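Just so it is clear: chains get the letters A, B, ... in the order the sequence lines come, proteins before strands, and each one is counted from 1. Source: prediction; values computed, not measured.
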Protein chains: 2
Amino acid sequence: MIGNPLQATAFHVSTRGEYGMRVMVELARRFGQGSVSLRSVAEGESLPEAYLEQLVASLRRAGLVSGKRGAGGGYQLAKDPSSVTAGDVVRALEGPIEPQVCTAEGDPIVNCPHEPKCGTRQLWVKLQATIAGALDSLTLAELAKWPSERQRARSGSAVLAGAPTMHAPKARA
Amino acid sequence: MIGNPLQATAFHVSTRGEYGMRVMVELARRFGQGSVSLRSVAEGESLPEAYLEQLVASLRRAGLVSGKRGAGGGYQLAKDPSSVTAGDVVRALEGPIEPQVCTAEGDPIVNCPHEPKCGTRQLWVKLQATIAGALDSLTLAELAKWPSERQRARSGSAVLAGAPTMHAPKARA
DNA sequence: GGGATTTCCGATCATTCTGGTAGGGATTGT
DNA sequence: ACAATCCCTACCAGAATGATCGGAAATCCC
């Protein structure tokens with residue numbers, strides 16, 4: 001983790017998601033070049049190797065990467081970067097996208113006492129669909145080619161059109 | 001909490017957000033009817049009153065509700081339900097929408113060693129904007145009128161057009 | 001004024017989650 | 001043989017979550 005939160009924040013992605021995504025983008029960049037050792041990724045991204053091992057285990061069990069043991073071994077993407085979405089990676093690392101248990105992917109729990117008069121469920125349903133849509137619409141191939149040379153030349157922030165909306169923070173006032 | 005997670009899930013909204021949102025929807029439904037005691041809300045929604053006190057304190061400090069002490073006192077929305085969004089409520093309860101510290105609302109931290117070659121930032125930027133957009137586009141007035149009589153008559157699931165996407169769960173495999 | 005009601009405030013606490021570390025076994029290339 | 005590397009399990013410290021508790025202050029009704 002680069003900067004510690006120190007304050008409550010909503011929808012924060014944990015280091016599992018963050019580190020794991022970095023690893024996947026790196027593997028996507030080196031796709032087709034054979035096995036990549038986790039050590040080289042860890043050093044290149046300045047991340048703790050032993051911890052990455054755990055995360056990569058999840059990615060492997062989800063069928064996103066394949067490992068090869070022994071000297072000269074390492075990991076590589078199990079599929080083409082263009083056919084793996086950010087959603088696949090996040091789900092493998094952090095579980096199904098599920099704002100509430102009644103709005104989960106797969107088999108949502110709906111026998112809820114609130115349900116008959118629940119005014120909030122529609123909100124979580126919408127949120128789930130929105131988040132899943134955003135994550136599933138970005139592939140590793142797209143992420144891997146950023147930042148491009150041209151972008152790096154601009155040296156800076158505002159990488160995408162929409163910088164974070166300037167809405168008031170007011171955290172747990 | 002109704003059903004315990006028991007398994008890691010991504011983008012889960014804590015009970016602060018869940019309970020607090022229920023309270024706000026309930027206050028929206030009773031808007032214009034004077035003060036509503038927290039006890040009546042807690043009993044109506046089967047939520048722990050003492051815990052709600054804490055959450056409502058956050059909502060009050062954020063200027064979303066106003067409290068009145070003493071017998072016959074209680075809380076009421078500080079503004080019209082149509083001018084308060086779900087995003088306002090979530091931010092008051094859980095802090096700014098911030099997938100990563102470098103993509104926070106307000107003052108994101110960008111002096112990040114990864115930044116020059118970071119392929120993941122664009123993902124979190126997009127995600128932040130998407131989540132904020134979804135939450136800011138729903139008002140308490142809209143939430144409060146659900147489920148309508150007609151919806152309740154249909155007795156069931158699939159309340160909104162999009163039921164949760166049937167994507168594979170595969171949690172922390 | 002006395003009590004009942006209700007918001008407000010701060011402390012405490014058990015459990016779970018997060019973000020790792022540590023150690024060792026299995027497999028492969030040289 | 002040996003080094004590199006994946007693979008697996010256990011452990012651990014600190015923070016966050018989801019509350020509970022006790023009491024102070026304000027307000028209303030009699």
Problem set entry | Contacts of type side chain to side chain contact (heavy atoms under 4.5 Å, CB included), residue B/Ala28, not counting sequence neighbours |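 Partners of B/Ala28 by the side chain to side chain contact (heavy atoms under 4.5 Å, CB included) criterion, ordered by chain and then number, come out as B/Leu77, B/Pro81, B/Leu140, B/Ala144.
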Exercise. With sequence neighbours left out, what residues match A/Ser82 under side chain to side chain contact (heavy atoms under 4.5 Å, CB included)?
Worked result: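 Per chain and number, A/Ser82 pairs via side chain to side chain contact (heavy atoms under 4.5 Å, CB included) with A/Asp80, A/Ala141.
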Between [atom2] on [N] and [atom1] on [X], what's the gap in Å once rounded to a whole number?
X       : N      : atom1 : atom2 : answer
A/Leu27 : D/dC6  : CG    : C1'   : 14 Å
A/Leu55 : C/dG19 : CG    : P     : 10 Å
B/Leu93 : D/dG18 : CG    : P     : 12 Å
B/Leu52 : C/dT6  : CG    : C1'   : 14 Å
B/Glu49 : D/dC21 : CD    : P     : 13 Å
A/Tyr75 : D/dA4  : OH    : C1'   : 13 Å
A/Arg61 : D/dC6  : CZ    : C1'   : 12 Å
B/Glu98 : D/dA16 : CD    : C1'   : 15 Å

Problem set entry | Distance, nearest 0.5 Å, that separates CD of A/Gln122 from CG of A/Leu127 |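 Interatomic distance, A/Gln122 CD to A/Leu127 CG, rounded to 0.5 Å: 12.0 Å.
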Exercise. Do A/Glu53 and D/dC6 share a donor-acceptor pair, side chain to base, under 3.5 Å?
Worked result: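 There is none.
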Does [X] place a side-chain N or O at less than 4.0 Å from the phosphate oxygens OP1/OP2 of [N]?
X       : N      : value
B/Arg60 : C/dC8  : yes
A/Tyr19 : C/dG19 : no
B/Thr15 : D/dG18 : yes

Exercise. Is there a donor-acceptor contact under 3.5 Å from the side chain of A/Thr85 to the main chain of A/Asp88?
Worked result: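 Such a contact is found between A/Thr85 side chain and A/Asp88 backbone.
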For this session: Check whether any side-chain N or O of A/Asp136 sits under 3.5 Å from a backbone N or O of A/Gly133 as a donor-acceptor pair, and report yes or no.
Result: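 A pair under 3.5 Å: no.
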Heteroatom pairs (N/O) under 3.5 angstrom, protein to nucleotides 26-30 of chain D:
{"unit_1": "D/dA26", "atom_1": "O4'", "unit_2": "B/Arg69", "atom_2": "NH1", "d": "3.2"}
{"unit_1": "D/dT27", "atom_1": "O2", "unit_2": "B/Ala71", "atom_2": "N", "d": "3.2"}
{"unit_1": "D/dC28", "atom_1": "OP1", "unit_2": "B/Lys68", "atom_2": "NZ", "d": "3.2"}

For this session: Apply side chain to side chain donor-acceptor pair (under 3.5 Å) to A/Gln128 and A/Glu98, showing your working.
Result: CA-CA 6 Å; A/Gln128 191 280 333; A/Glu98 178 180 311; over 6 Å; no
Exercise. Do we see a donor-acceptor contact under 3.5 Å between the side chains of A/Lys126 and B/Ser137?
Worked result: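 Indeed, the side chains of A/Lys126 and B/Ser137 share at least one donor-acceptor pair under 3.5 Å.
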Problem set entry | Shortest side-chain distance from B/Gln54, nucleotide among D/dT20, D/dA10, C/dC8 |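 So the side chain of B/Gln54 is nearest to D/dT20.
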Problem set entry | Out of C/dT7, D/dA19, C/dT21, whichever nucleotide has its closest atom nearest the side chain of B/Tyr51 |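 The nucleotide sitting nearest to the side chain is D/dA19.
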For this session: Only pairs at least two apart or in different chains count here, so list each ring-ring contact (aromatic ring centres under 6.0 Å, His included) that has a residue in residues 22-58 of chain A.
Result: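 Found A/Tyr19-A/Tyr51.
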For this session: Enumerate the residues from residues 28-41 of chain A whose closest heavy atom to DNA chain D is under 4.0 Å, giving them by residue number; use none for an empty result.
Result: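 Contacts with DNA chain D under 4.0 Å: A/Val36, A/Ser37, A/Leu38.
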Exercise. Tell me the side chain to side chain donor-acceptor pair (under 3.5 Å) pairs involving residues 26-35 of chain B, sequence neighbours left out?
Worked result: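 Pairs touching residues 26-35 of chain B that pass the test: B/Glu26-B/Arg30, B/Arg30-B/Ser40.
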